[in-house]
2 protein chains.
Amino acid sequence: MNRMTRSADANAGARRGRPPKGASQLSRDAIVDATLEVIDTGGVTAVSMRSVARVLGVDAKSLYNHVDGKDGLLDAVAEHLLGGVFIPPATGDLRIDLPAIADAFRDRALLHPEAAPLVLTRQLASIEGLAPVEALLGALRSAGCPTEESVQLMRILVASLIGTLLREAQAGPTLGISDTGGIAARQKTLEDSGLPHVIEAAPHLARFDRDAEYEYAVQAATALVLDRIRASHGG
Amino acid sequence: MNRMTRSADANAGARRGRPPKGASQLSRDAIVDATLEVIDTGGVTAVSMRSVARVLGVDAKSLYNHVDGKDGLLDAVAEHLLGGVFIPPATGDLRIDLPAIADAFRDRALLHPEAAPLVLTRQLASIEGLAPVEALLGALRSAGCPTEESVQLMRILVASLIGTLLREAQAGPTLGISDTGGIAARQKTLEDSGLPHVIEAAPHLARFDRDAEYEYAVQAATALVLDRIRASHGG
DNA sequence: CCACTATATCCACGGCGTGGATTTAATCAA
DNA sequence: TTGATTAAATCCACGCCGTGGATATAGTGG
């Protein structure tokens, strides 16, 4: 499962100049892959020019030939993930198409859970990652929603999707199994807050079902859009 | 506008032991204030134990007596901001109370724009910052919404508010004045995307009116809640 | 008065991002 | 073919960073 195994590791006293033709070239893609490996292992905070270079068996400064510093590296990772969102063909039914777009985005964003904050919070200037926007606009427009309102609705949908996924990603690798100890502790904390409605709702607040929350949010957002469209051009 | 001006600056060869009674004691609040100063000046990335200590005219390790490392420092800042959310008394009308809660949260989150990501993305285990949750639950419950559904709706509201404010904060200090050059450039980029609906909507996508987007999002979220409640216990 | 604890500084270590110099190989112009 | 240019790599070094550990000073409780 190594990278192309340039040398053993840690890059001890390697060749000095540009690598000969046949030799394995460092590439932007390989760098992004290595970075994702680091992220999966130790989280985003474990990413450093040096740690990524170490995975590749390469000098840190070599990365600069393919990527624009650490920030550019993280941008590249976000773009790579966002660019890989696969949205199924539209059916023309918003009740199907909106959830499908959201699902595609979610799948990609949570593929590498530790990398989710990157995907969800980086604002990239690039063209990559526009596919979901295009798909959402297409779905809304073909449902009869005028252009400007489509943009507004699209923004709301994206914002609440991002908010929902951010929470899901931050909830950690809690798989909902035998986390009951954590739940009980959380509930106790909430009950100690002294806030009446928080106390009343503590059992529900302490619990967290990733899929159920996501489904509920998507369903609500879809209903919102349908209402808006009905009210706008139907009434 | 200095901190209490312990020494001139950079803390050159200061006293060595515990400060005498009358002398200015370092405090958690002073540290949080200094951190916000650093954030306002240079963004979250400019925060370091050393930079904050420099502002206070103090050794970096002194901060550890009041704050649990750098992560604890940032948590303290987030808690401080979240704890200061002031929510006006409820009127009983969701159409007024929900926007009021959102406004209070927004005001506080954008008070220090560079610190917004902290407030919006940190998950804090503490009791602080539960006020908005309490207020939202109270508003929903007193509108007749059952406990569990109130929790679900509250989560949706929080998620979309966070998503919206995150976008607003990331949009940078664009004050909407004479940014037309940037708008035009953004529109050009979008038109080069090759995506038909993006191209069609480019003029709207390129533009960004902070307040208008926020108002629209809050209004939509409020409408969503009203519909849900009507459908649920009214129908 | 003495032990203990709280609060401060100083020192030091290993890791970080990256500017700059150097080395090697590929590529292109003549 | 040959020489200049460019691309891709390593090495070196600087000034930051978080923080572990030692030390010093002052308050505090028996």
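Chain identifiers are assigned alphabetically (A, B, ...) following the order of the sequence lines, protein sequences preceding nucleic acid strands; residue numbering begins at 1 within each chain.
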- request: Please state how far atom CE in B:Met49 lies from atom C1' in C:dC11, giving the value in whole angstrom units.
  value: 18 Å
Heteroatom pairs (N/O) under 3.5 angstrom, protein to nucleotides 20-22 of chain C:
from, atom 1, to, atom 2, distance (Å)
C:dG20, O6, A:Lys61, NZ, 2.7

statement: Between OH of A:Tyr64 and P of C:dG17 the distance, given in whole Å, is 7 Å
- request: Could you tell me which residues satisfy side chain to side chain contact (heavy atoms under 4.5 Å, CB included) with B:Asp209, sequence neighbours excluded, listed by chain and number?
  value: B:Asp211, B:Ala212
- request: List in numerical order all residues of residues 67-75 of chain A for which some heavy atom is under 4.0 Å away from an atom belonging to DNA chain C.
  value: A:Gly69, A:Lys70
field: Side chain of A:Asp59 - closest among C:dA8, D:dC11, C:dC16
entry: D:dC11
field: Euclidean distance, atom CG of residue B:Leu63 to atom C1' of D:dC17 [Å, nearest integer]
entry: 14 Å
Indicate every side-chain donor-acceptor pair of residues 152-165 of chain A with a distance under 3.5 Å to a residue at least two apart or in another chain.
from, atom 1, to, atom 2, distance (Å)
A:Arg155, NE, B:Glu213, OE2, 3.2
A:Arg155, NH1, B:Glu213, OE2, 3.0
A:Arg155, NH2, B:His204, O, 3.3
A:Arg155, NH2, B:Leu205, O, 3.1
A:Arg155, NH2, B:Arg207, O, 2.9
A:Ser160, OG, A:Ile156, O, 3.2
A:Ser160, OG, A:Leu157, O, 3.3
A:Thr164, OG1, A:Ser160, O, 2.8

For residues 189-200 of chain A, run the donor-acceptor check on the side chains, cut-off 3.5 Å, and write out each pair with its distance to 0.1 Å, sequence neighbours left out.
from, atom 1, to, atom 2, distance (Å)
A:Thr189, OG1, A:Ala185, O, 3.1
A:Glu191, OE2, A:Gln187, NE2, 3.2
A:Ser193, OG, A:Leu190, O, 2.7
A:Ser193, OG, A:Leu195, N, 3.2
A:His197, ND1, B:Glu134, OE2, 3.0
A:Glu200, OE1, B:Arg141, NE, 2.9
A:Glu200, OE2, B:Arg141, NE, 3.3
A:Glu200, OE2, B:Arg141, NH2, 2.7

query: For B:Ser48 and D:dC16, is the shortest distance between a side-chain N/O and OP1 or OP2 below 4.0 Å?
result: no
message: What's the closest nucleotide to the side chain of A:Gln25 if the choices are D:dA8, D:dC17, C:dG17?
response: D:dA8
statement: Separation between NE2 (A:His80) and OG1 (A:Thr35), nearest 0.5 Å, reads 10.0 Å
task: Could I get the full list of side chain to side chain donor-acceptor pair (under 3.5 Å) partners for B:Tyr216, not counting sequence neighbours?
output: none
Taking only distance into account, with no hydrogens and no angle test, what donor-acceptor pairs under 3.5 Å do side-chain atoms of residues 39-46 of chain A form with protein atoms, sequence neighbours excluded?
from, atom 1, to, atom 2, distance (Å)
A:Asp40, OD1, A:His112, ND1, 3.0
A:Asp40, OD2, A:His112, ND1, 2.8
A:Thr41, OG1, A:Glu37, O, 2.8

A:His66 side-chain N/O to D:dA7 phosphate OP1/OP2 under 4.0 Å: no
message: Suppose we screen for salt bridge (Lys or Arg N to Asp or Glu O under 4.0 Å). Which residues come up paired with B:Arg122, at least two apart in sequence or across chains?
response: B:Asp71, B:Asp75
statement: Taken to the nearest whole Å, CG/A:Asn65 to P/C:dT24 is 17 Å
- prompt: What's the spacing between B:Leu74 CG and B:Leu118 CG if we round to 0.5 Å?
  reply: 5.0 Å
- request: Quick one: list whatever passes side chain to side chain contact (heavy atoms under 4.5 Å, CB included) with A:Pro117, sequence neighbours left out.
  value: none
query: Within the pair B:Arg54 and D:dC16, is there a side-chain N or O less than 4.0 Å away from OP1 or OP2?
result: no
